Asks: 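Dropping a structure here in structure tokens format, bear with me for questions.
In this text, all values refer to a predicted model and were calculated from it rather than measured experimentally. Basis for what follows: all heavy atoms, side chains included, without hydrogens, waters or symmetry-related copies.
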Amino acid sequence: MTTQITLFIITRNEADKIAKCLSSAKDLVDEIVLVDDSADDTAAIAKQFGARVFTHAFEGFTAQKNFALDQVKTTWALSLDADEVLTPQLAQEIRQAVQNTDYDGFELTRVNCFLGKRMQHGGLKKEHILRLVRTQKARYEGGLVHERLCVQGRTGRLKNVFMHYSYNDIETYFEKFNKYTTLAAQTMYEKGKKRSFAAVLFIIPLEFLRRYVLKLGFLDGIRGFIWASFSTFYIFVKYMKLWLLHTRDNQ
């Protein structure tokens with residue numbers, strides 16, 4: 001009997017991306033679970049692919065993805081974001097990997113595209129991320145943002161890649177930038193974390209040097225410079241939002 005797989009995904013206003021994502025997985029998975037908090041046609045498009053759609057208010061990435069995982073009924077669960085696309089080679093490898101395996105999860109290799117071009121450096125060339133898991137042994141951990149999928153048991157790694165079309169334009173980047181920095185600051189605040197302004201001033205140039213020089217971001221040309229700069233600015237804004245939350249406590 002063929003082992004069954006469910007693709008589970010959370011969405012918010014992803015009507016321009018969701019069809020490409022689901023199309024890449026439709027011949028691989030046996031079911032699609034989509035947890036949506038959108039004001040656009042994301043849910044309607046997903047239903048065209050036969051997805052079971054759940055409307056659920058966003059409570060943070062960890063909680064939202066655990067809610068989605070709870071809806072999965074099959075032995076294996078595959079996690080993708082709306083801006084990610086499986087390659088045919090990886091889809092075939094996944095189908096073979098879950099048959100009669102002793103592993104409880106598999107890391108998949110993600111290749112990132114930024115402003116319309118595949119990135120080769122700056123920490124973006126290849127990321128190994130746990131995305132394929134035995135459903136009953138998996139859970140997300142983390143805060144409002146930067147969630148991490150964890151599994152009880154042994155994990156392996158598949159060799160083929162999936163694509164991440166993260167930011168096709170700068171406007172989209174900063175829409176997500178504002179949301180993510182707010183959630184990151186809120187998570188740190190709730191944990192009682194603080195960061196002095198002096199420490200932030202020390203961290204910022206190191207972050208830029210790490211991405212642009214040590215991770216060879218300069219070899220990606222102008223996109224490498226933009227990515228390193230934006231990533232550094234992310235750190236600054238995140239900690240300034242954290243500072244503001246603590247400042248308001250003392251007013």
Asks: Quick one: ring pair (Phe, Tyr, Trp, His ring centres under 6.0 Å) partners of Phe61, sequence neighbours excluded?
Replies: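 If we apply the ring pair (Phe, Tyr, Trp, His ring centres under 6.0 Å) test to Phe61, skipping adjacent residues, the hits are Phe58, Tyr180.
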
Asks: Does some side-chain heavy atom of Arg134 sit less than 4.5 Å from a side-chain heavy atom of Thr75?
Replies: yes

Asks: With rounding to the nearest 0.5 Å, note down the distance linking CG in Asp220 to CD in Gln120.
Replies: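 Rounded to the nearest 0.5 Å, the CG-CD separation comes to 6.5 Å.
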
Asks: Do Leu7 and Leu158 sit in one hydrophobic cluster, given that two such residues count as connected whenever their side-chain heavy atoms are within less than 4.5 Å of each other, even indirectly?
Replies: yes

Asks: With sequence neighbours left out, what residues match Tyr103 under ring pair (Phe, Tyr, Trp, His ring centres under 6.0 Å)?
Replies: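 By the ring pair (Phe, Tyr, Trp, His ring centres under 6.0 Å) rule, Tyr103 matches Phe106.
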
Asks: Heavy atoms, side chains only, cut-off 4.5 Å: are Asp104 and Thr155 in contact?
Replies: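 SC-SC contact between Asp104 and Thr155 ruled out.
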
Asks: Considering only heavy atoms from C-beta outward, does the side chain of Val111 approach that of Phe162 to under 4.5 Å?
Replies: no

Asks: List the steps, then state whether side chain to side chain contact (heavy atoms under 4.5 Å, CB included) holds for Thr6 with Val29.
Replies: CA-CA 5 Å; Thr6 293; Val29 300; over 6 Å; no

Asks: Using only heavy-atom distances, determine whether the side chains of Lys241 and Thr181 contain a donor-acceptor pair under 3.5 Å.
Replies: yes

Asks: Any idea which heavy atoms bring Leu86 and Leu90 closest together, and the distance?
Replies: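 Nearest pair, atom of Leu86 first, then Leu90: CD2-CD2, 3.8 Å.
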
Asks: Has Glu59 got a side-chain atom pairing as donor or acceptor with Gln64's backbone, closer than 3.5 angstrom?
Replies: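 Between the backbone of Gln64 and the side chain of Glu59 there is no qualifying donor-acceptor contact (under 3.5 Å).
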
Asks: Do the charged groups of Arg131 and Glu107 touch, with an N to O distance under 4.0 Å?
Replies: no

Asks: Taking all non-hydrogen atoms of both residues into account, name the closest pair between Ile45 and Ala15 and its distance.
Replies: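 What the structure gives for the nearest pair is CD1-O, 3.5 Å.
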
Asks: Is the closest side-chain heavy-atom distance between Phe208 and Val213 below 4.5 Å?
Replies: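 No - every pair of side-chain heavy atoms lies 4.5 Å or more apart.
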
Asks: Answer whether the closest heavy-atom distance between the side chains of Asp81 and Ile9 falls below 4.5 Å.
Replies: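 Answer no - side chains too far apart.
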
Asks: Going from CG on Leu206 to CD1 on Ile235, what distance comes out if it is rounded to the nearest 0.5 angstrom?
Replies: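 So the CG of Leu206 and the CD1 of Ile235 are separated by 11.0 Å.
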
Asks: To the closest 0.5 Å, what do you measure between CG (Leu22) and CD (Gln48)?
Replies: 10.0 Å

Asks: For Ser79 versus Tyr140, what's the shortest heavy-atom pair and its separation?
Replies: OG-OH, 3.1 Å

Asks: Hydrophobic clusters here meaning ILVMFWY residues chained together by side-chain heavy-atom distances under 4.5 Å, can you tell me if Leu214 and Phe202 are in one?
Replies: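 The answer is no; the residues belong to distinct hydrophobic clusters.
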
Asks: Decide yes or no on side chain to side chain contact (heavy atoms under 4.5 Å, CB included) for Thr135 and Leu69, but give the supporting numbers first.
Replies: CA-CA 7 Å; Thr135 307; Leu69 184 58; 4.2 Å; yes

Asks: Quick one: CE on Met163 to SG on Cys113, what's the gap to the nearest 0.5 Å?
Replies: 4.0 Å

Asks: Please test Asp37 against Thr11 for side chain to side chain contact (heavy atoms under 4.5 Å, CB included), starting from the C-alpha separation and ending with a verdict.
Replies: CA-CA 6 Å; Asp37 182 32; Thr11 53; over 6 Å; no

Asks: Examine Ile10 and Val33 and state if one hydrophobic cluster contains both, with Ile, Leu, Val, Met, Phe, Trp and Tyr joined whenever side-chain heavy atoms are less than 4.5 Å apart.
Replies: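 They do share one cluster, since a chain of ILVMFWY contacts under 4.5 Å joins Ile10 to Val33.
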
Asks: Does some side-chain heavy atom of Leu115 sit less than 4.5 Å from a side-chain heavy atom of Asn168?
Replies: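 Side chain of Asn168 against side chain of Leu115, heavy atoms only: no contact under 4.5 Å found.
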
Asks: If you measure only the distance, is there a donor-acceptor pair under 3.5 Å linking the side chains of Thr42 and Asp36?
Replies: no

Asks: Mind checking what makes side chain to side chain contact (heavy atoms under 4.5 Å, CB included) contact with Phe174, not counting sequence neighbours?
Replies: Ile170, Phe177, Phe230, Phe233

Asks: Just to verify, what does His128 make a ring pair (Phe, Tyr, Trp, His ring centres under 6.0 Å) with, not counting sequence neighbours?
Replies: none

Asks: Does Ser24 reach the main-chain N or O of Cys21 with its side chain, forming a donor-acceptor pair under 3.5 Å?
Replies: yes

Asks: Locate the shortest heavy-atom distance separating Ala82 from Ile18; write the atom from each residue and the value.
Replies: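 The pair with the smallest heavy-atom distance is CB-CD1, 4.2 Å.
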
Asks: For the NZ atom on Lys73, are there more than 12 heavy atoms of other groups (residues, nucleotides or ligands in this structure) within a distance under 6.0 Å?
Replies: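 Counting neighbours around NZ of Lys73, 12 or fewer heavy atoms of other residues, nucleotides or ligands fall under 6.0 Å, so no.
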
Asks: Return the OH to CG distance between Tyr189 and Leu242, rounded to the nearest 0.5 Å.
Replies: 9.5 Å

Asks: Please check if Leu209 and Trp227 belong to a single hydrophobic cluster, counting links between Ile, Leu, Val, Met, Phe, Trp and Tyr side chain heavy atoms closer than 4.5 Å.
Replies: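 Result: yes, single cluster for both.
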
Asks: Asp83 and salt bridge (Lys or Arg N to Asp or Glu O under 4.0 Å): which partner among Lys20, Arg110, Arg12, Lys176?
Replies: Lys176

Asks: Measure from the side-chain N and O atoms of Asn112 to the backbone N and O of His164, and report whether any donor-acceptor pair falls under 3.5 Å.
Replies: no

Asks: Show me the pairs that pass side-chain hydrogen bond (donor to acceptor under 3.5 Å, both in side chains) and involve residues 190-215, at least two apart or across chains.
Replies: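 Listed by first then second residue: Gln186-Glu190, Arg195-Tyr239, Glu207-Arg210, Glu207-Arg211.
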
Asks: Which pair of heavy atoms, one from Ala46 and one from Leu34, lies closest together, and at what distance?
Replies: CB-CD1, 3.7 Å

Asks: May I have the step-by-step check of side chain to side chain contact (heavy atoms under 4.5 Å, CB included) for Gln4 and Glu31, ending in yes or no?
Replies: CA-CA 8 Å; Gln4 292 189 318; Glu31 187 173 48; over 6 Å; no

Asks: Any donor and acceptor pair, going by atom type alone, linking the side chain of Thr187 with main-chain N or O of Leu144 inside 3.5 Å?
Replies: yes

Asks: Strictly distance-based, threshold 3.5 Å: is any side-chain N or O of Asn13 a donor or acceptor partner for the main-chain N or O of Ala39?
Replies: yes

Asks: Do Leu108 and Ile94 come within less than 4.5 Å of each other through their side chains, counting heavy atoms only?
Replies: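 The answer is yes, as the side chains (C-beta and beyond) meet within the 4.5 Å cut-off.
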
Asks: Which residue pairs pass the salt bridge (Lys or Arg N to Asp or Glu O under 4.0 Å) test with at least one member in residues 139-156, sequence neighbours excluded?
Replies: Lys65-Glu147, Asp70-Arg139, Glu141-Arg148

Asks: Would you check if Leu28 and Leu78 make a side-chain contact, meaning some heavy-atom pair closer than 4.5 Å?
Replies: yes

Asks: Quick check: are there more than 12 heavy atoms from other residues, nucleotides or ligands sitting under 6.0 Å from CZ of Phe225?
Replies: no

Asks: With a 3.5 Å distance limit and no angle check, can you tell me whether Asp41 reaches the backbone of Ala44 through a side-chain donor-acceptor pair?
Replies: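 Not at all, since once roles are kept as given, no pair shorter than 3.5 Å links the two residues.
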
Asks: State plainly whether one hydrophobic cluster holds both Val72 and Phe49, where clusters connect Ile, Leu, Val, Met, Phe, Trp and Tyr through side-chain heavy atoms under 4.5 angstrom apart.
Replies: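 Not linked; separate clusters.
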
Asks: Please indicate whether Asn100 has more than 12 foreign heavy atoms, meaning atoms of other residues, nucleotides or ligands, lying under 6.0 Å from its CG.
Replies: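 Counting neighbours around CG of Asn100, 12 or fewer heavy atoms of other residues, nucleotides or ligands fall under 6.0 Å, so no.
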
Asks: Provide the closest heavy-atom pair for Ala184 versus Tyr234 in the form atom of the first, atom of the second, distance.
Replies: CB-OH, 3.9 Å

Asks: Within this structure, what is the CD-OH distance for the pair Glu175 and Tyr167, rounded to the nearest 0.5 Å?
Replies: 10.5 Å

Asks: What do you reckon, is CD of Gln89 surrounded by more than 12 foreign heavy atoms closer than 6.0 Å?
Replies: yes

